[in-house]
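This report concerns only the one structure given below.
Counting convention: from 1, in listed order, for ligands and their atoms alike.
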Amino acid sequence: MSSTNDFKAVRKAVFPVAGLGTRFLPATKVMPKELLPLHDRPVIQHAVEEARAAGIEEFIFVTTPRKELLTKHFTPQPHLEKMLEDVQNCEIPKDKLFETYQQDPLGLGHAVWCAKDLVGDEPFAVLLPDDVFIAEQNCLSQMMEAYETHGGNIVAAMDVSKEDTARYGILDIKSDNGKIVEIKNMVEKPGPEKTPSNTAIIGRYILQPTVFDHLATFDKGAGGEIQLTDAMARLIGNQPFHGLRFDGTRYDCGTRLGYIEANIAFGLQDPDMNKDIRKILEKYNANA
Ligand code: UTP
């Protein structure tokens, strides 16, 4: 076990939501991608609820003036509160919700750097709301447990097909017990020819604040963007760095097809809808 002596609990979560959402245009021309509904609530609310259930106390949104509706969703709306308990449940208390702007979408690494002052000198979680999960224990909670054992930095990990390695940050693996992966390097979107493995980083991270020092160099990486993967890679060797192959199924709401699949899967989880969705699917299957 390689736990650090200066173990600190993870209390804060960063939600980078300042991207352009180009893959969903024109739906996202004025509507933030993160407010599109997944089953009965906006995509972003799934990530916020996951963080809350994992013990997160402070919620930091890296957003843009174009998306002011996004954080508004988590503020009280008195005219609706009496109507639905669920409306109250999605509120974040005023003193626990923080916002900072990323003026230009220079990349995920830059978005995380924008949260530097709000995070301060303590470990923190990052949740990319596009990634949603159906799991018995939520993904971030599983990572919190791994963090208690291993300390340092933890990323969610999942095996993907070799062709898909051009879409993800990919782990170069030192040791692997099937669940916990010790990482010796990581590379952003390597593609099938160059990839060191087929184990990808999924959008949940527990990071030490030292990562901000590496982000502050603003080096551009894959796609000309300031990449979080490049800054995380520079932590390896100085701090424990592990991937956790989480239990559960991940859906990618950042693509149109993934978003449709997620809505079907979450709908099927709902006992009030399950039967009817199955009927609809059967109808389309029969006509295929
Ligand atoms: P994506 O790569 O999915 O970009 O970002 P996007 O803008 O959301 O969507 P497309 O690719 O144009 O369709 C992954 C996450 O990082 C955030 C996004 O909001 C998303 O949650 N992000 C990305 C930022 O906050 N700032 C950036 O500069 C880039």
**OP:** Determine, for D130 against R250, whether the closest basic-nitrogen to carboxylate-oxygen distance falls under 4.0 angstrom.
**Re:** no
Original post:
Hey, are the side chains of P16 and V126 touching, using non-hydrogen atoms and a 4.5 Å cut-off?
Top reply: yes
Original post:
Does an N or O anywhere in R23 fall below 3.5 Å from an N or O of ligand 1?
Top reply: yes
Original post:
Distance only, no hydrogens: is a donor on one side chain within 3.5 Å (strictly under) of an acceptor on the other, for E99 and T71?
Top reply: yes
**OP:** Classify the contact between Q102 and ligand 1 as side chain, backbone, both or neither, using a heavy-atom distance cut-off of under 4.0 Å.
**Re:** side chain
Original post:
Can you check whether K162's main-chain N or O pairs, donor with acceptor, with T165's side chain at less than 3.5 Å?
Top reply: yes
**OP:** Determine, using heavy atoms of E34 and all atoms of ligand 1, whether some pair is separated by less than 4.0 Å.
**Re:** yes
Subject >> Heavy-atom nearest neighbour of atom 10 (P) of ligand 1 within options T63, L20, T22 >> reply: T22
Subject >> Per-residue contact class, P105 against ligand 1 - non-hydrogen pairs under 4.0 Å >> reply: both
Original post:
Side chain, backbone, both or neither: which part of D104 has a heavy atom under 4.0 Å from ligand 1?
Top reply: neither
Subject >> Residue selection (non-hydrogen contact nearest atom 29 (C) of ligand 1) among G254, A47, G107 >> reply: G107
Original post:
How far is atom 21 (O) of ligand 1 from its nearest protein heavy atom, and which residue and atom is that?
Top reply: P16 O, 2.8 Å
Original post:
Is G19 in polar range of ligand 1, meaning some N or O pair under 3.5 Å apart?
Top reply: yes
**OP:** Please confirm whether L128 comes within less than 3.5 Å of ligand 1 when only nitrogen or oxygen atoms on both sides are compared.
**Re:** no
Subject >> F74 and F61 aromatic centres sub-6.0 Å >> reply: yes
Subject >> Ion pair check, R245 and D159, cut-off under 4.0 Å >> reply: yes
**OP:** Please say whether E225 places an N or O atom under 3.5 Å from an N or O atom belonging to ligand 1.
**Re:** no
Original post:
Any salt bridge between E57 and R52, counting N to O under 4.0 Å?
Top reply: no
Original post:
Taking N or O atoms only and a 3.5 Å limit, does A18 qualify as a polar contact for ligand 1?
Top reply: yes
Original post:
With backbone taken as N, CA, C and O and side chain as the heavy atoms from C-beta onward, which portion of L108 lies under 4.0 Å from ligand 1: side chain, backbone, both, or neither?
Top reply: both
Original post:
Strictly under 4.0 Å, does any heavy atom of H110 approach an atom of ligand 1?
Top reply: no
**OP:** Could you tell me whether E122 and R11 have a side-chain N and a carboxylate O separated by less than 4.0 Å?
**Re:** yes
Subject >> Full working for ring-ring contact (aromatic ring centres under 6.0 Å, His included) between H46 and F133 >> reply: CA-CA 9 Å; H46 291 273; F133 301 83; over 10 Å; no
